[in-house]
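Below is one structure, written out as structure tokens; comments come after it.
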Number of protein chains: 2
Amino acid sequence: MAALKYSRQRESIKEFLMTRKDHPTADVVYENVRKIYPNISLGTVYRNLSLLSELGEIQKLSNFGGADHFDGCVTPHCHFMCKKCGQVLDLETEDLNEVAEKAVKNFSGKITECDIRFFGICPRCMNN
Amino acid sequence: MAALKYSRQRESIKEFLMTRKDHPTADVVYENVRKIYPNISLGTVYRNLSLLSELGEIQKLSNFGGADHFDGCVTPHCHFMCKKCGQVLDLETEDLNEVAEKAVKNFSGKITECDIRFFGICPRCMNN
DNA sequence: GTTCATGCAAAGGTTTTGCAGATTG
DNA sequence: CAATCTGCAAAACCTTTGCATGAAC
């Protein structure tokens with residue numbers, strides 16, 4: 001496995017994700033990190049987002065529809081997507097993964113992960 | 001809203017999906033329906049898969065990484081994706097959506113849907 | 001004959017990749 | 001100096017769309 005070397009771009013991407021409580025797409029990350037490193041390329045952003053999520057330092061939220069979203073917070077929690085504005089929010093829930101895995105019947109494979117997502121209208125869109 | 005007209009292509013796409021218990025991607029649907037209608041185009045397959053899922057006659061599973069998968073069975077059930085072979089399978093579970101929605105705390109928006117997905121190793125890959 | 005569906009091909013959006021040069025250790 | 005990372009651009013991938021023709025009603 002390749003050794004990891006420091007890169008200021010990667011550091012900046014991670015820092016940016018930490019400061020956001022929404023869950024930006026790669027493109028949004030790119031636009032923002034570009035304010036600090038104007039020459040950074042989209043390819044580098046994608047490469048580092050992939051790398052960071054393999055390392056478990058960020059979370060990749062695949063397929064809430066269009067582009068992937070990224071979450072700087074890796075403690076397990078559920079997500080909610082607003083069908084009106086497309087925003088992805090964190091949800092506070094009771095511990096669900098255990099419950100979910102217990103609910104599976106007659107399966108002879110091995111379950112290693114469970115992902116629960118909610119859809120609906122977000123608080124902000126409720127008032128419009 | 002536009003009136004719906006019969007098309008043998010749409011019929012064939014739906015029939016094909018009904019006979020499959022796995023959850024093929026648009027591309028697999030295309031390859032198979034092509035055996036019956038060699039001139040059908042990928043665009044038509046996509047258009048009809050979209051239409052059928054809007055009509056509620058099939059289910060679109062856009063949550064598993066790469067291409068979308070389609071399920072001819074519309075009764076609610078959970079899905080499992082094998083991390084080794086990429087196959088998407090049905091899972092038999094207790095009724096979970098209700099449990100899940102009750103577990104949400106302190107949320108002032110409105111939840112209309114909940115989607116639970118499982119990942120791991122499928123029975124077939126366990127034996128290899 | 002009007003409307004909708006099709007086939008084709010081009011374009012759209014998102015993500016990955018090859019490569020030469022820059023950076024890190 | 002060797003290994004990794006970057007910027008750039010091209011390509012890959014999946015899906016949607018415009019348009020002229022064909023099928024359904």
Side-chain angles (χ1 to χ4, degrees), chain A residues 1-17 22-55 57-71 81 85-88, chain B residues 1-17 23-55 57-71 81 86-88:
Chain A
M1 177 171 297
L4 197 62
K5 286 190 179 174
Y6 174 86
S7 109
R8 53 187 95 198
Q9 289 92 335
R10 177 159 59 240
E11 208 53 33
S12 184
I13 288 168
K14 194 179 165 189
E15 246 166 55
F16 170 70
L17 272 183
D22 65 342
H23 305 80
T25 58
D27 205 63
V28 172
V29 173
Y30 172 60
E31 288 305 337
N32 279 276
V33 174
R34 207 140 73 118
K35 293 174 189 161
I36 303 169
Y37 298 104
N39 293 324
I40 197 172
S41 72
L42 234 198
T44 297
V45 170
Y46 273 105
R47 266 187 292 236
N48 279 305
L49 287 171
S50 272
L51 182 53
L52 287 168
S53 88
E54 271 168 38
L55 294 175
E57 298 190 21
I58 67 173
Q59 226 184 318
K60 180 178 181 175
L61 312 177
S62 278
N63 284 335
F64 272 99
D68 291 348
H69 293 251
F70 296 86
D71 189 344
M81 177 180 238
C85 69
Q87 196 179 190
V88 175
Chain B
M1 180 169 298
L4 198 62
K5 286 188 178 174
Y6 173 86
S7 108
R8 52 187 92 200
Q9 289 91 335
R10 184 183 316 127
E11 208 54 32
S12 183
I13 287 167
K14 194 181 165 187
E15 247 168 52
F16 170 70
L17 271 184
H23 306 79
T25 57
D27 204 64
V28 172
V29 174
Y30 172 60
E31 288 305 336
N32 279 276
V33 174
R34 206 140 74 117
K35 293 174 188 162
I36 304 170
Y37 298 106
N39 293 323
I40 197 172
S41 71
L42 234 197
T44 296
V45 171
Y46 273 105
R47 266 186 292 238
N48 279 305
L49 287 171
S50 272
L51 182 52
L52 288 168
S53 89
E54 271 167 39
L55 294 173
E57 299 188 21
I58 66 172
Q59 226 184 318
K60 180 180 181 176
L61 313 176
S62 18
N63 330 316
F64 291 99
D68 291 349
H69 294 252
F70 295 87
D71 188 345
M81 178 180 238
Q87 196 179 191
V88 176

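Quick note on labels: first sequence line is chain A, next is B, and so on, each numbered from 1. Basis for what follows: all heavy atoms, side chains included, without hydrogens, waters or symmetry-related copies. Just so we're clear, the structure is a prediction, and the values are computed from it rather than from any experiment.
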When the distance from [atom1] of [X] to [atom2] of [N] is rounded to whole Å, what number comes out?
X       : N      : atom1 : atom2 : answer
B:Tyr30 : D:dC14 : OH    : P     : 14 Å
B:Phe70 : D:dC14 : CZ    : C1'   : 11 Å
A:Leu52 : D:dC5  : CG    : P     : 11 Å
A:Arg34 : D:dC8  : CZ    : C1'   : 13 Å
A:Ile13 : D:dC5  : CD1   : P     : 12 Å
A:Leu49 : C:dT14 : CG    : C1'   : 13 Å
A:Tyr37 : C:dA22 : OH    : P     : 18 Å
A:Glu11 : D:dC5  : CD    : P     : 13 Å

Exercise for review: Please tell me which of B:Gly66 and B:Gly43 maps to the more 5' nucleotide of DNA chain D, matching each residue to the nucleotide holding its nearest heavy atom.
Suggested key: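 That would be B:Gly66.
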
Just how far is it from atom [atom1] of [X] to atom [atom2] of [Y], taken to the nearest 0.5 Å?
X       : Y       : atom1 : atom2 : result
B:Lys60 : B:Asp68 : NZ    : CG    : 5.0 Å
B:Asn32 : B:Leu17 : CG    : CG    : 10.0 Å
B:Ile13 : B:Ser7  : CD1   : OG    : 7.0 Å

Point to revise | Pair A:Arg34 + A:Glu31, salt bridge at N-O below 4.0 Å | key: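 A salt bridge links A:Arg34 with A:Glu31.
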
Exercise for review: Step by step, work out the side-chain contact (heavy atoms from CB on, under 4.5 Å) result for A:Leu51 and A:Leu4.
Suggested key: CA-CA 10 Å; A:Leu51 182 53; A:Leu4 197 62; 3.8 Å; yes

Check your understanding: Is the backbone of A:His69 close enough, under 3.5 Å, to the side chain of A:His23 for a donor and an acceptor to pair up by distance?
Key ->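 A pair under 3.5 Å: no.
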
Output yes when at least one side-chain N/O atom of [X] is less than 4.0 Å from OP1 or OP2 of [N], else no.
X       : N      : answer
B:Gln9  : D:dA23 : no
B:Asn48 : C:dT6  : yes
B:Thr44 : C:dG7  : yes

Review point. What's the verdict on side-chain contact (heavy atoms from CB on, under 4.5 Å) for A:Val88 and A:Asp71, showing C-alpha distance, side-chain angles and the deciding distance?
Key: CA-CA 10 Å; A:Val88 175; A:Asp71 189 344; over 6 Å; no

Report each atom pair, protein N/O against N/O of nucleotides 23-25 of chain C, whose distance is under 3.5 angstrom.
| residue | atom | partner | partner atom | Å |
| --- | --- | --- | --- | --- |
| C:dT24 | OP1 | A:Arg8 | NH2 | 3.4 |
| C:dT24 | O2 | A:Lys5 | NZ | 2.8 |
| C:dG25 | OP1 | A:Tyr6 | N | 3.4 |

Exercise for review: Under 4.0 Å between any heavy atoms, over every strand shown, what does A:Asp27 touch: base, sugar-phosphate, or nothing? Just pick one.
Suggested key: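 Contact class for A:Asp27: none.
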
Check your understanding: Of the nucleotides D:dC5, C:dC8, C:dT16, which has the atom closest to the A:Arg10 side chain?
Key ->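 When the side chain of A:Arg10 is considered, D:dC5 is the closest of D:dC5, C:dC8, C:dT16.
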
**Study point:** Given DNA chain C, 5'-ward residue of the pair A:Arg47 and A:Ala26, judged by closest heavy atom
**Key:**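 So the residue in question is A:Ala26.
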
